[in-house]
Amino acid sequence: VTGVQTCALPISLGARSWTCSPLGRPRTTAQALESPYRDNSYPQYILMVDSLRSGIPLGQAVEEFLDWQALDKARSPNTVRAYKQDLSNFVAYCAAVDTTTLAQVDRELLRAFQSDLARGPGRTAPLSAPTRHRRLVALRSFLKFCAREQWSPGDLGVTIDLPQLP
């Protein structure tokens, strides 16, 4: 199942149980079974589908993260631009190793990306520690956002080791 569905009662998708609520926010099953209306009716609600099952595209997840940074966190345009540049490097790396969805990102991929940043392939010299640190902090923030949105099974960002700053 992909995309958005309408529903009136709890729906189970694999190991996860999602329920419907206004604006697509997940609710507990008990809350969903209690109609908020006096006549005990269930209007049509929007269900945001479990993205772990469908595998949200990595580029789409990055765009949603950047929108969240700009709109909800009220980050400056320069900060959002820097996050976009840093995360576009990660998306390009993932594309080079045939990883196109967030569900395919794992600890081994993150370790390989960190090594790639340290070695600096295709560059005359490796990236400096502050540059690697900035890029990895952006990636950590992105992965934490994805975990909070329940697009990944957990926060993979905790597995990222940041380089020592001079």
Side-chain angles (χ1 to χ4, degrees), residues 1-34 36 42-114 117 132-162:
V1 180
T2 59
V4 176
Q5 288 183 328
T6 59
C7 65
L9 292 172
I11 291 181
S12 178
L13 297 172
R16 280 191 185 202
S17 179
W18 288 84
T19 57
C20 306
S21 68
L23 305 176
R25 293 191 177 94
R27 294 170 49 177
T28 65
T29 303
Q31 289 172 326
L33 293 176
E34 298 169 7
Y42 285 92
Q44 291 294 310
Y45 289 111
I46 296 174
L47 170 69
M48 301 307 286
V49 176
D50 186 352
S51 297
L52 285 174
R53 250 175 108 81
S54 62
I56 186 168
L58 203 50
Q60 179 185 343
V62 168
E63 287 302 317
E64 291 195 28
F65 170 73
L66 294 172
D67 289 345
W68 175 74
Q69 287 287 320
L71 301 173
D72 293 351
K73 299 283 279 184
R75 301 280 190 215
S76 77
N78 289 337
T79 301
V80 175
R81 194 176 307 115
Y83 271 116
K84 183 176 184 174
Q85 180 60 44
D86 292 339
L87 292 173
S88 69
N89 291 322
F90 176 67
V91 171
Y93 176 82
C94 289
V97 295
D98 204 29
T99 299
T100 58
T101 65
L102 189 59
Q104 295 172 307
V105 175
D106 59 9
R107 185 178 183 165
E108 290 76 29
L109 178 78
L110 295 174
R111 293 280 182 208
F113 179 68
Q114 286 179 269
L117 289 179
R132 285 183 292 147
H133 189 276
R134 188 194 72 237
R135 288 185 182 182
L136 293 173
V137 165
L139 182 56
R140 262 187 176 179
S141 295
F142 168 67
L143 293 171
K144 184 175 184 176
F145 170 80
C146 292
R148 197 188 86 229
E149 293 294 314
Q150 298 179 349
W151 295 338
S152 62
D155 185 3
L156 291 171
V158 300
T159 65
I160 295 175
D161 297 323
L162 297 175

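Atom CD in Glu64 sits 5.0 Å away from atom CD1 in Ile56 (nearest 0.5 Å). Atom-to-atom distance recorded for Ser141:OG and Lys73:NZ is 8.5 Å, nearest 0.5 angstrom.
Between Thr99 and Tyr93, the closest side-chain pair of non-hydrogen atoms is not below 4.5 Å. By the 4.5 Å heavy-atom criterion applied to side chains, Phe113 and Val105 are not counted as neighbours. Between Val62 and Phe90, every side-chain heavy-atom pair lies at or beyond the 4.5 Å cut-off. Gln60 places none of its side-chain heavy atoms less than 4.5 Å from the side chain of Trp151.
In plain terms, the two heavy atoms of Asn89 and Arg135 that are nearest each other are ND2-CZ, 3.1 Å. In terms of heavy-atom proximity, Thr101 sits nearest to Gly55 at CG2-O, 3.5 Å. The heavy-atom pair separating Cys146 from Leu102 by the smallest distance is SG-CD2, 3.5 Å. Closest approach of Ala61 and Phe145 over heavy atoms only: O-CE2, 4.5 Å. The two residues Asp98 and Gln104 come nearest to each other via the heavy atoms O-NE2, 4.1 Å.
Evaluation of the salt bridge (Lys or Arg N to Asp or Glu O under 4.0 Å) rule for Arg111 yields Asp161 as partners, not counting sequence neighbours. Taking the side chain to side chain contact (heavy atoms under 4.5 Å, CB included) definition, one finds that Thr159 meets it with Arg107, Leu110, sequence neighbours left out. For Asp106, the side chain to side chain contact (heavy atoms under 4.5 Å, CB included) criterion is met by Glu108, Leu109, not counting sequence neighbours. Scanning for side-chain hydrogen bond (donor to acceptor under 3.5 Å, both in side chains) contacts around Glu63 gives an empty result, with sequence neighbours left out. Every side chain to side chain contact (heavy atoms under 4.5 Å, CB included) that Ala147 has, sequence neighbours left out, goes to Ser152, Asp155.
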List the atom pairs, with distances to 0.1 Å, where a side-chain N or O of residues 78-87 and a protein N or O form a donor-acceptor pair under 3.5 Å, not counting sequence neighbours.
from  : atom 1 : to     : atom 2 : distance (Å)
Asn78 : OD1    : Arg81  : NH1    : 2.5
Thr79 : OG1    : Ser76  : OG     : 3.0
Asp86 : OD1    : Arg134 : NE     : 3.4
Asp86 : OD1    : Arg134 : NH2    : 2.9
Asp86 : OD2    : Arg134 : NE     : 3.0

